[in-house]
Every structure is written in structure tokens, then in C-alpha cells.
Amino acid sequence: MWAISFVVLTATGVFPIAASLTFLAIVSAIAVLNQVRTLVAHLWENEGDAMSITDQYLDSVNVPPPGLLAEIWAPVGLRYHALHHLLPGLPYHALPEAHRRLTGELGDGSSYHHANYSTLSGLIVNLVKACRKAVRG
């Protein structure tokens, strides 16, 4: 009903075509960004086997601060997605403090640090490489 109403109101001139196209462009961009965010939340390296909690954690992604862009494209639930898999009962509002404490206590070589990434672009590159590898067989 929503889509039909939108088309009819645009076709009859109630909604100006320029405004409708702008609206559709914005909605499309948001939908694409949301799909990319969802795809990069995991590394997708498992072939369907049972996974331990550590494996689930290492297949997930944290994008912790600093980084203003990460706060926009990855709100708390996605910014600490791997930590959420490690501590699923911890409320989202407590994840930043838990991350801060863990990074302060654990050495750089710990498994915890292997799930931390700094940029969306780096995660997209990893995802594209993994897809190419999967296609090649």
C-alpha cells in the first residue's frame, strides 16, 4: 500500500518528481549501507561447522573507538559485535566499558585483539577478498 500510494501521489503531481527521486536516492543509500554493515559484522570464514564461543568471537568484528565514522555506521551493538558474542548477557550500554577494561588487561597478542578492526573500508576489502576466494573454490 505504501509503495502504491507513493507511486500514485508522485504520478499525479502531489509529490514533486525531484523530491520523490531525492527521497528514493536517500532511502536506497541507507538500505545499501545497512546491508554492508550487516555483511561486515562477521568474517564469514566458517564452512557451517559447529563453532566454539572463541570461534564465534573470532568470526565476529569489533570496530572500537577512536573513529567518528564508526560511531555513525556502527552504533554500539555493531561497534562491539564480537564482544557481544563473547559476553552475550552483557547489556549493550556496558560494552564500551567492558572493551576498555579488556584491552587494558589483555596483552596485544591475545585472541581478544584479533577481532578488533579500525575501518569499514578495511572490512569491505576483507569481505570482497573472501568472496573472490570462495568463488575460485
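In this text the structure is predicted, and so the values were computed from the model without any measurement.
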Q.
Assigning hydrophobic clusters by single linkage (Ile, Leu, Val, Met, Phe, Trp, Tyr; side-chain heavy-atom cutoff under 4.5 Å), is V7 placed with I4?
A. no
**Q.** Closest approach of A41 to H81 (non-hydrogen atoms, all atoms of both residues)
**A.** O-CD2, 3.3 Å
Q.
Quick check on the hydrophobic clustering: are L90 and Y92 connected, directly or via other members, by side-chain heavy-atom contacts under 4.5 Å?
A. yes
Q) Same hydrophobic cluster for L21 and V27, using side-chain heavy-atom links shorter than 4.5 Å among ILVMFWY? A) no
Q.
With a 4.0 Å cut-off on N to O distance, would you call R101 and E97 a salt bridge?
A. yes
(Q) Please tell me whether F6 and F23 form a close aromatic pair, meaning their ring centres lie under 6.0 Å apart. (A) yes
Q.
Looking at every non-hydrogen atom in both residues, tell me the closest pair between A115 and A82 and how far apart they are.
A. CB-CB, 3.8 Å
Q) Taking C-beta and beyond as the side chain, do Y117 and L43 meet within less than 4.5 Å on heavy atoms? A) yes
Q) So which heavy atom on L106 is nearest to which on S110, and how close? A) CB-OG, 3.6 Å
(Q) Before we go on, tell me: are the rings of H99 and H84 under 6.0 Å apart, centre to centre? (A) no
Q) Below 4.5 Å, heavy atoms only, C-beta onward: do I17 and T10 meet side chain to side chain? A) yes
Q: Give a yes or no on whether L39 and V125 share a hydrophobic cluster (residues Ile, Leu, Val, Met, Phe, Trp, Tyr; joining criterion: side-chain heavy atoms under 4.5 Å apart).
A: no
Q. Which distance, rounded to the nearest 0.5 Å, do you find between the CD1 of I30 and the CZ of R37?
A. 11.0 Å
Q. A98 and L83: which non-hydrogen atoms are nearest, and at how many Å?
A. CB-CD2, 4.0 Å
**Q.** Exercise: identify the closest heavy-atom pair between P96 and H93
**A.** CD-O, 3.6 Å
Q: Look at the rings of Y112 and Y57 and say which category their plane angle falls in: under 30° parallel, 30 to 60° tilted, over 60° perpendicular.
A: parallel
Q: Determine, using the 4.5 Å side-chain heavy-atom cutoff (strictly less than), whether L9 and M1 are members of one ILVMFWY cluster.
A: no
Q) In Å, rounded to the nearest 0.5 Å, how long is the span from CG of D55 to CG of L58? A) 6.5 Å
(Q) If I take atom CG from residue L95 and atom CG from residue L102, how far apart are they, to the nearest 0.5 angstrom? (A) 10.0 Å
Q. Roughly how far apart are I53 CD1 and L87 CG, rounded to 0.5 Å?
A. 9.5 Å
Q) Heavy-atom distance under 4.5 Å between the side chains of V63 and L123, does that happen here? A) yes
Q) Does some side-chain heavy atom of R79 sit less than 4.5 Å from a side-chain heavy atom of N62? A) no
Q.
Testing the basics here: between H85 and S60, what is the closest heavy-atom pair and its distance to 0.1 Å?
A. CD2-OG, 2.9 Å
